[in-house]
S.K.: 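Just dropping this structure here.
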Amino acid sequence: MQPVYSGYYLWRGAPNESDLSPETRRTMFPYFSFFLADQLQAAGYPISGADDELRIGHRRYNFVWYRVADAFKLKQMCVDEHGTEYEFRIPPPLVRKDLIAQMRAEAETLLPPQYLDCLRHIYQPFFTPVYDFCSPRLVFGRVALVGDAASTPRPHIGFGVTKAAAEAQALAEALSSYDDIDQALAVYNAARQPLSERIVSHARKLGMQLGVGIVTDEDRKFAEMLQSPAGILDWFGMPNFLAAHPNL
Ligand SMILES: Cc1cc2nc3c(=O)[nH]c(=O)nc-3n(C[C@H](O)[C@H](O)[C@H](O)COP(=O)(O)OP(=O)(O)OC[C@H]3O[C@@H](n4cnc5c(N)ncnc54)[C@H](O)[C@@H]3O)c2cc1C
């Protein structure tokens with residue numbers, strides 16, 4: 001099984017709440033925020049600070065900026081300062097300085113002031129390419145896959161941790177419900193593999209907001225709808241997305 005590159009990647013980082021301007025803290029910090037433009041999406045939300053700090057002033061803001069790039073460009077980006085090339089993704093501390101400088105310059109013309117404030121206080125931004133991956137089986141003999149090993153939905157739905165935990169729980173429940181281990185693993189596979197497919201496919205569809213993966217007129221209309229505040233609320237800000245979009 002090989003992950004398939006989606007055609008886009010994310011710049012990421014998490015500035016300290018205390019470093020941000022009073023204006024950014026007032027207008028954006030408390031919220032799950034989005035900025036949309038043609039082939040562009042930036043988003044952010046408050047997270048805990050160091051040592052799981054939740055006190056006001058001690059938290060961080062998780063910032064992500066999606067950028068479209070073909071596989072050739074990604075390959076060039078996954079080369080470090082010494083010319084070493086990495087497969088799939090480059091370790092965050094090894095992201096080249098020229099790429100970071102170029103990203104900061106482009107941000108000045110593309111992003112709103114609050115996100116620029118975030119970026120100026122992210123001292124080591126890094127990027128993660130987005131891949132689609134879903135194993136056709138979660139069980140191979142006595143080996144059972146859970147979490148990212150089983151499937152990796154695109155980050156739009158923020159579901160990787162929940163999915164990993166739910167799969168671990170389903171595996172534990174299956175093993176405790178059947179004396180026969182192979183039967184338990186078969187039950188786990190039947191319950192969770194189709195769900196994995198749905199989750200990955202849902203997240204892939206949301207990527208159309210970035211103008212990638214569009215094939216039909218229906219896709220085009222869907223991508224346009226995702227550019228609107230209503231589209232964001234109905235599709236990205238939807239906590240129980242599997243129940244809300246059962247026929248996807
Ligand atoms: C930058 C970033 C931001 C993310 N943000 C979010 C988010 O906001 N919300 C969300 O839901 N998900 C998010 N995710 C996805 C989420 O982190 C993963 O989906 C989740 O961690 C998967 O859990 P896991 O247990 O399957 O794998 P992991 O958390 O990757 O755990 C695998 C563990 O196995 C260990 N390991 C690997 N190889 C070996 C070995 N040979 N021997 C022993 N141990 C080994 C690793 O060190 C690691 O600790 C993010 C991911 C990244 C990279």
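Just follow the structure's listing: the first ligand is 1, and inside any ligand the first atom is 1.
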S.K.: So that I can tick it off, tell me whether R220 and D217 are bridged by a salt bridge, with the cut-off set at under 4.0 angstrom between side-chain N and carboxylate O.
M.R.: yes
S.K.: Strictly inside 4.0 angstrom of atom 13 (C) of ligand 1, do you find any protein heavy atom?
M.R.: no
S.K.: Is the ring pair F32/Y45 parallel, tilted or perpendicular, if the boundaries are 30 and 60 degrees?
M.R.: perpendicular
S.K.: Using 4.0 Å as the upper bound for N to carboxylate O, is an ion pair formed by D148 and K163?
M.R.: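 Judged by the 4.0 Å cut-off on N to carboxylate O distance, K163 and D148 do not form a salt bridge.
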S.K.: Ligand 1 and T162, any nitrogen or oxygen pair closer than 3.5 angstrom?
M.R.: no
S.K.: Look up atom 38 (N) of ligand 1 and tell me if a protein heavy atom lies less than 4.0 Å from it?
M.R.: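 When distances to the protein are checked, atom 38 (N) of ligand 1 has no heavy atom within 4.0 Å.
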S.K.: Can you give me the closest heavy-atom contact between Q193 and L138, atom names plus distance?
M.R.: N-CD1, 3.7 Å
S.K.: Any side-chain to backbone donor/acceptor pair from R198 onto L242? Under 3.5 Å, distance only.
M.R.: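 Side chain of R198 to backbone of L242: a pair is present.
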S.K.: Does some non-hydrogen atom of the protein lie less than 4.0 angstrom from atom 19 (O) of ligand 1?
M.R.: yes
S.K.: Any N/O of G147 closer than 3.5 Å to an N/O of ligand 1?
M.R.: no
S.K.: Would you say Y45 contacts ligand 1, with heavy atoms under 4.0 Å as the rule?
M.R.: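 So Y45 counts as touching ligand 1.
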S.K.: When you measure from atom 2 (C) of ligand 1 to the protein, is at least one non-hydrogen atom found at a distance under 4.0 Å?
M.R.: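 When distances to the protein are checked, atom 2 (C) of ligand 1 has a heavy atom within 4.0 Å.
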S.K.: Can you find a protein heavy atom closer to atom 23 (O) of ligand 1 than 4.0 Å?
M.R.: yes
S.K.: Going by a strict under-4.0 Å cutoff (protein heavy atoms only), does atom 6 (C) of ligand 1 have a neighbour on the protein?
M.R.: no
S.K.: Any nitrogen or oxygen of G160 lying under 3.5 Å from a nitrogen or oxygen in ligand 1? Just yes or no.
M.R.: yes
S.K.: Within the protein, is there a heavy atom lying under 4.0 Å from atom 43 (C) of ligand 1?
M.R.: no
S.K.: Answer yes or no: are there more than 12 heavy-atom neighbours, outside Y31 itself, under 6.0 Å from its atom OH?
M.R.: no
S.K.: Suppose we measure from atom 53 (C) of ligand 1 to each protein heavy atom; which comes out shortest, and what is that distance?
M.R.: R89 NH1, 4.0 Å
S.K.: Could you check atom 52 (C) of ligand 1 against the protein and tell me its nearest heavy-atom contact, residue, atom and distance included?
M.R.: R12 NH2, 4.4 Å
S.K.: Among all the protein's non-hydrogen atoms, which is closest to atom 11 (O) of ligand 1, and how far away is it?
M.R.: V161 N, 2.9 Å
S.K.: Do the ring planes of W235 and H202 sit parallel (below 30°), tilted (30 to 60°) or perpendicular (above 60°)?
M.R.: parallel
S.K.: Using protein heavy atoms only, decide if any is under 4.0 Å from atom 50 (C) of ligand 1.
M.R.: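 There is no protein heavy atom less than 4.0 Å from atom 50 (C) of ligand 1.
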S.K.: Does only the side chain of K163 get under 4.0 Å from ligand 1, or the backbone, or both, or neither? Count heavy atoms.
M.R.: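 Under 4.0 Å from ligand 1, K163 contributes no heavy atoms.
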S.K.: Taking 4.0 angstrom as the limit, do R120 and E108 come out as a salt bridge?
M.R.: yes
